[in-house]
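Structure record follows, encoded as structure tokens.
Keep in mind that the numbers below use all heavy atoms, side chains included, and drop hydrogens, waters and symmetry copies. Since the model is a prediction, treat every value here as computed from it, not as a measurement.
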Amino acid sequence: MSSPPILGGASLFTGFTRLCKGLAVVLVAGHIVVQIFPSAVNYLALIPARTIPFAWNLLTAGYIEQSIYGVVASTLCLLIMGKLLEPVWGSKEFLKFIFIVNFLISVCVFITAISLYYITRQENYLYMPISGFQGILAGFLVGTKQIIPDQELSLLRLKAKDVSYILLGAVSNAMQWFPSLMLLIAIVISFFTAESAKYLPTIIFGTYMSWIYLRYFHRKPETKLRGDPSDDFAFSSFFPDFLRPVIDPIASIFHRMLCGRFETSIEARGYTLGGAPLPGSDPIEASRRRERGARALEERLAAERLATARSAEELKKDASENV
């Protein structure tokens, strides 16, 4: 029997999309540049005191990994998670998500660093080089939660007799809390690391900005409408049920502050028609969208299983011919 999808070693590291491979090359090239020319960090990384006039670092900082561990981890996560998200979103929307969220992260980190300087008067907040792809990776976790919420991977018809499939189902069921869980782990680790200011704000803003974008601005390829108003993607859905009575009132305050005007404009433009929700603006359409995403994922996994089986057959054939 061929290796199960995702958890099988062969299928996990095959089938990467062309766009993700290109972005991986950008990450590796950025790391090589700063290793050969260390002074390039001053122009490519986000250094708040130098963002003016070097404003381009708001765009370049997210693609510059300063450590070998960072570039390896970011490249692998990009390839694996991109293989899951890009077929569902489409290449154009996938690239737009990376570009917009990366820019929003840099702007938020810049504002935070300037604010911390004026509060504490510590100049290290102004001259600390901040860079890395970790904010986008946090956003990918949010995107994964959106297309595979709760128990939607049951659509993949997992076989209970296969232990690896059972493990995959368990992981997918926990995916609804995974972004907030990883954020919590990053916060805990920050108490034990001296340079947490270089990565923690990026991860925090990457998680929240990606949710804002996917919740209100992301264009659905199948309906051409924007956002995901379903309850499965509400902010409180990122937390266990017992925390939601606490999260919901707090989230509603920030929702009205940050997104109330946008939501009102959506209603004014006719997000509903004759009292009936348009496609994509109600839970039923959201469920259909997830089913389409799951089918796309299932087709990709089936193709990977077939490719793995063919590779195994070719290896056996070669071995028999050599004998």
(Q) With heavy-atom distances below 4.5 Å as the criterion, would you say the side chains of K96 and W89 are in contact? (A) no
Q) Any luck finding a side-chain donor-acceptor pair between E65 and S131 under 3.5 Å? A) no
(Q) Check whether T75 reaches the backbone of V72 with its side chain - one donor and one acceptor, N or O, closer than 3.5 Å. (A) no
Q) Roughly how far apart are M209 CE and T202 OG1, rounded to 0.5 Å? A) 12.5 Å
Q: Give, for atom OG1 of T51 and atom CG of L46, the distance between the pair rounded to the nearest 0.5 Å.
A: 4.5 Å
Q. Closest approach of P179 and L141, non-hydrogen atoms and distance?
A. CG-O, 3.6 Å
Q: Taking the six-membered ring of F233 (Phe, Tyr or Trp), confirm whether the NZ or CZ of K145 is under 6.0 Å from its centre and within 45° of its axis.
A: no
**Q.** Nearest-0.5 Å distance, CZ of residue F133 to SG of residue C77
**A.** 10.0 Å
Q: Kindly indicate whether the side chain of F97, heavy atoms from C-beta on, has any atom under 4.5 Å from the side chain of L214.
A: yes
**Q.** Exam field: side chain Q66 to backbone V41, donor-acceptor pair closer than 3.5 Å
**A.** no
Q: Give the minimum heavy-atom separation between A49 and Y127, together with the two atoms involved.
A: CB-CE2, 3.5 Å
Q. Does NZ or CZ of R215 lie under 6.0 Å from the centre of the six-membered ring of F217, at an angle within 45° of the ring axis?
A. no
Q) Hey, quick one: are Y43 and I47 part of the same hydrophobic cluster, counting side-chain heavy atoms closer than 4.5 Å, chains of contacts allowed? A) no
Q. Given the rule that I, L, V, M, F, W and Y join up when any side-chain heavy atoms are under 4.5 Å apart, are I111 and I114 in one cluster?
A. yes
Q: State the CD1-CZ distance between I32 and F37, to the nearest 0.5 angstrom.
A: 11.5 Å
Q. Got a second to check how far I80's CD1 is from F140's CZ, nearest 0.5 Å?
A. 12.0 Å
Q. Does atom CZ of R121 have more than 12 heavy-atom neighbours, drawn from other residues, nucleotides or ligands, at distances under 6.0 Å?
A. yes
Q. Considering all heavy atoms of both residues, which atom of P48 and which atom of F110 are nearest to each other, and what is their separation?
A. O-CE1, 3.4 Å
Q: Would you name the heavy atoms of G70 and S67 that are closest together and state the gap between them?
A: N-OG, 3.0 Å
Q: Mind listing the closest non-hydrogen atom pair of K21 and F16 along with its distance?
A: CE-O, 3.5 Å
(Q) According to ring-ring contact (aromatic ring centres under 6.0 Å, His included), who are the partners of F205, at least two apart in sequence or on a separate chain? (A) none
Q) CE/M182 to CD/Q134 distance, rounded to the nearest 0.5 angstrom? A) 12.0 Å
**Q.** Polar side-chain atom of N57 near backbone of F54 as donor-acceptor pair, under 3.5 Å
**A.** yes
Q) Which of parallel (below 30°), tilted (30 to 60°) and perpendicular (above 60°) describes Y216 and W211? A) perpendicular
**Q.** L23 side chain near L27 side chain, heavy-atom distance below 4.5 Å
**A.** no
(Q) Show the nearest heavy-atom pair for residues I130 and A61, with the distance to one decimal. (A) O-CB, 3.7 Å
